[in-house]
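Here the structure comes first, spelled out in C-alpha cells, and everything after it is commentary.
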Protein chains: 2
Amino acid sequence: MKARGWNAPDLRKRNRAGILNLVHSTRNIARNDLALELGLTRASVTILVNELIDEGLLEEAGTQIAEGRVGRRKIALRIRPEAGRIIGVGIDQERVQVLLTDLAGSVLGVRDLPPPATLARYGDEPAERIVHAVAEATGELLGPASPCKAGVLWMGVGVTGRVDAEHGISVREPRLWNGPVSLADPLALHFGVPTSVDNNVRALALAELLLTEARGSEPAGLLFVKYGPGVGASWTVGGVPWAGAHNRSGELGHTVVAAEGPVCPYCGRVGCLESLVSARTLGIRLARPRSKIEELCHALLEIAPEEFAQLASWFALALGNAIELYDPTTVALYGAPFRSGPLFDEIADRVESNERPCEIKRSNLDPELPALGGAALALERFFLAGGPKPC
Amino acid sequence: MKARGWNAPDLRKRNRAGILNLVHSTRNIARNDLALELGLTRASVTILVNELIDEGLLEEAGTQIAEGRVGRRKIALRIRPEAGRIIGVGIDQERVQVLLTDLAGSVLGVRDLPPPATLARYGDEPAERIVHAVAEATGELLGPASPCKAGVLWMGVGVTGRVDAEHGISVREPRLWNGPVSLADPLALHFGVPTSVDNNVRALALAELLLTEARGSEPAGLLFVKYGPGVGASWTVGGVPWAGAHNRSGELGHTVVAAEGPVCPYCGRVGCLESLVSARTLGIRLARPRSKIEELCHALLEIAPEEFAQLASWFALALGNAIELYDPTTVALYGAPFRSGPLFDEIADRVESNERPCEIKRSNLDPELPALGGAALALERFFLAGGPKPC
DNA sequence: CCCTATATGTTAAAGTCTTTAACTATTGTA
DNA sequence: TACAATAGTTAAAGACTTTAACATATAGGG
C-alpha cells in the first residue's frame, strides 16, 4: 500500500515534470500543444513554462510553421542544452564507463576505466573504488572544478546485478563484489550531486526510450533485451521499468527453453537460456574462453551453423514466451551480437512467425556506450524532480 | 505518452480514493493513521473523512484500543456497507454469473445463467443477450426497482478473451461471439449505472487483492494464475493489473514448456502449456470430452500418475519462467483443480525448489464465484472515482 | 489598406485544495 | 488535580489551477 496522498506542491512538480518530459521527447512543442497534451489550460502552461524559461531550463526557438492557415504562430520550445549537464555511469564486469551529456541528451564525452575488481589503486572498499574512478573520469571530462560547480545537475548509475533503486544499493552482484554495496549515497556525498542508481538493463531500457532518435514515439510497453556475457531484459510500463518485488525482474536469461543442457551456475536450472548461450558456455564450446560474445557468435556461425541456428531458436523461444506474458508494443534487442551478422534476423524471423502484433527491432543504442543507461536514469529523475536542486 | 497534468479537483479525488482504499483494505483505521499512511495532515483527512461520512460512504465504529498508553483514543472508521451495492458479472464459456455485494464487499446474492451462446431467447445480438440476462438476474436479486434506484453504485464485468478495458469492449473472443462486442456502453445505458469491463483473469486478480480475507497485505507484485478450461494469468503492479499493449498480456498458457506435443489450436505453437494441459487435451486423452478440468485432473492422477506428474512439471516450468520475468511477491493459483487433490502441492514443490523468495499459495477466491472479478473491478473503479455519481 | 476571423500567449481575479497553527477532546500517570 | 500525550477540529493562510478578459500575430477579403 504505497499510494500516497498529494498536495498542491506535488501537483505543481508533477505538471512541471510533464512539461519537461514532453518538451524533451518531442524536442519542439508550443505552449498551446503542451496544454492540449497535458489537459491543462493555456494559462497554467504559460505560467509554468515561463518559470522554466526564467530558471534557464527551457528556451524559445523561433516561430513554428502553422498547422492551420490563419492565426498567430506557435512558439516552439526546447530544452536549453547549456542549462546543465548529466553524468551517466555504467558498471559491469568489463569496465566502468563515465559519460557526460548536456541537458538535451547529447553526448559530450566518454571515459572508460577498468572493471571494479581491477581498480585496486583506488582503495579496498568497492564504493570507494567507484567514487575515485568516477572522480578521475569526471576530472578529465569537466576539468578541475567540482561537478556541481561545473553545472552537473544529476548523476545516474547503471550497474549489473540486483539493485535496490530506492536506496541506491547494489544488493547482490557476486561477479563485482561480495555483499551489498551502497553507491548512491557515497557518490552524492562526494560530488555534491543528486545520484540515482539502478540495474544496468533497466537503465538501458530507459535510455532506449529517452535518448534515441526515435524518442517521443514512446511505446506503451517496451521489452528491452540485452545480450552481453549473459542475457537480461527489462520491461517498461508507461515509460517506467518494473524492477520486480525483489529487484530481480526480467531474468529472461534464466527462463528455461530446453530440456537438456549444462546446469546453470547462477540459477541452478537445466536448460535456461543463459546456460546455453552465455559467453561462458560458448567460450567453452569453441575453446576460446576469453572472447567477446559477438566474436563467439560469429565463430559459431562459421564453425557450426546448425548450432548457431539452434541458438537463434532458443532465443526466439524465450522471447516468444516473454512476449506472451508481457504483450509489449516493441521488443528492442541490444548488444553487439545483434549489430552485425545474421543473428538478429534469424531470431526475429522465428519469433515473428507467430504473427503477434509487436515490433521486433534492433536497439537504437550503441552497445559501446553502456553508460547511456545511467544518463537516462539521471535525466528521468531530474525531470521527475521538476528541476534543479541548489548546489 | 499518457502522462496527463493534474489540477486541484484531481488531487482531491485522488486523496479521497486513497482514503476509501485504505479504509477498505484495513477495514478499520483512524483519521490519524490515515494521515500518517497517506502523508497528508490530520486536518485534511478530517475534512475529507467527514465529507465521506456526510455522504454516507464511511461510518465511525466505536473507539479503538490505544496503541500508546496515554492520549485520546482513535476512532475507527469503516466503509458503510449499506451505502450502496455493487454488481459483478462474470462471463465465460460455462456461464454468465451475476453477483451482488454491499459496498464493503460482502456477497449478498448470486445468480447463474447459461453461457452467452445459449441465451437465444434474449435476442440475436451478443450485447443484447448479456444485457437481458443480467437484467433477469438483477431483477431476482434486487427486485423490480431499477438497479440505480436500488442503490447500485457501480457495475463490473469480467469476460474471457481480449478486452479493451478503456472502451469496455470485448475485442476478440471467438469462443463466445464473432467479432468485437461493446459491453460497457449498452449495460451502463440500460441500467443507468457506471459500468467497467475487463478481462476475467485480470478482474479476478483484482478480486484476490480487494475481496479476500487477506486484503490489506497487498503484495507489491501479484502473479495470479487461473486454471480452468485453459490457463491464463494476470500480473498486478502496485495493485493494478497490466493489460499489455494489445490487451493480451498474461498468456501463460501459450508459453512453450515442451519440445513436443499437439499443435495448439489457439496459438499455433507446439508445446505450449495449454496445448498440453487444457480440458480439451485432457478430455481427448482420457476419452471424457465433456468433463470439467478438476475431474480430468483427478482422473489423470488415478489412471496415469506419471502423466499427472508430467503435467505438474510443465505447470511448474511455466510458472518458474513467469516468476523469472515478473519477480512477483506472491503467486496465487486459482481454479477448482487446485482446491483438492495433490496438484497444488506437486506444482508448488517443483517451483519452490528454485529457492526464489516468492510465496506460492492457493487463491483465496472460491472458483465457483467467477463474478467476484467483476465486483472487484467495480469496487476499484468506484473508489478511484472518489465516490458515487448522481443516479 | 483596413477589417474580420482565427489561433496563440498573457494576466489578474476567482476558485479549489491542503497546510498551518491554534484549540478542543480524551485518556493515563504523577 | 495537574499535566503530558495523542486524536480530532477549525479558521485563516498558502499554493496551484482555472476562469475570463485581453493582447498579439497571421491570413484573407472587401
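Because the structure is a prediction, the values reported are computed rather than measured. Naming: A, B, ... by sequence-line order, numbering from 1 per chain.
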message = What is the distance, to the nearest angstrom, from the CG atom on A:L77 to the P atom on C:dT10?
response = 9 Å
key: Atom pair distance, as rounded to whole Å: CZ in B:R42 and C1' in C:dT24   = 12 Å
remark   = Here the distance between atom P of D:dA7 and atom CD1 of B:I29, to the nearest Å, is 12 Å
query = Can you name the side-chain contact (heavy atoms from CB on, under 4.5 Å) partners of A:L38, sequence neighbours left out?
reply = A:I19, A:L22, A:L40
note = Taken to the nearest whole Å, CZ/B:R4 to P/D:dT17 is 15 Å
query = Nearest-Å distance, CG (A:N32) to P (D:dT24)?
reply = 18 Å
Length of the line joining A:R31:CZ and D:dA25:C1', which is rounded to integer Å = 14 Å
query = Residues in side chain to side chain donor-acceptor pair (under 3.5 Å) with B:T195, at least two apart?
reply = none
request  = Calculate the interatomic distance between B:I53 atom CD1 and D:dG8 atom C1'; express it in whole Å.
outcome  = 11 Å
query = Do B:V45 and B:N15 have side-chain heavy atoms sitting under 4.5 Å apart?
reply = no
message = Please enumerate all residues that pass side-chain contact (heavy atoms from CB on, under 4.5 Å) together with A:E51, with sequence neighbours excluded.
response = A:R12, A:R16, A:E55
Strictly under 3.5 Å: I want the nitrogen or oxygen pairs between protein and nucleotides 17-19 of chain C, one per line.
from, atom 1, to, atom 2, distance (Å)
C:dC17, O5', B:R12, NE, 3.3
C:dT18, OP1, B:N15, ND2, 2.7
C:dT19, OP1, A:N7, ND2, 3.3
C:dT19, OP2, B:T41, N, 3.2
C:dT19, OP2, B:T41, OG1, 3.0
C:dT19, OP2, B:S44, OG, 2.5

query = Hey, does the side-chain of A:R72 have a donor or acceptor N/O within less than 3.5 Å of a partner on the base of C:dA7?
reply = no
Using a cutoff of under 3.5 Å, can you pull out all pairs of nitrogen or oxygen atoms linking the protein to nucleotides 28-30 of chain C, with atom names and distances?
none

query = A:K74 pairs by side-chain hydrogen bond (donor to acceptor under 3.5 Å, both in side chains) with which of A:N28, A:D33, A:N32?
reply = A:D33
request  = State which residues pass side-chain contact (heavy atoms from CB on, under 4.5 Å) with A:T236; sequence neighbours excluded, sorted by chain then number.
outcome  = A:A205, A:L209, A:L222, A:P241
May I have the list of side-chain donor-acceptor pairs in residues 75-87 of chain B shorter than 3.5 Å, sequence neighbours left out?
from, atom 1, to, atom 2, distance (Å)
B:R78, NE, B:E59, OE2, 2.8
B:R78, NH2, B:E59, OE2, 3.4
B:R80, NH1, B:G56, O, 2.9

ask   = Which whole-number value in Å describes the distance from B:L36 CG to D:dG8 P?
value = 10 Å
ask   = What pairs with A:W235 under ring pair (Phe, Tyr, Trp, His ring centres under 6.0 Å), at least two apart in sequence or on another chain?
value = A:Y326, B:W235, B:W242
key: B:T46 vs D:dG8: side-chain N/O to OP1/OP2 distance below 4.0 Å   = no
task = Please list, chain by chain and in numerical order, all residues satisfying side-chain contact (heavy atoms from CB on, under 4.5 Å) with B:A184, sequence neighbours excluded.
result = B:V197
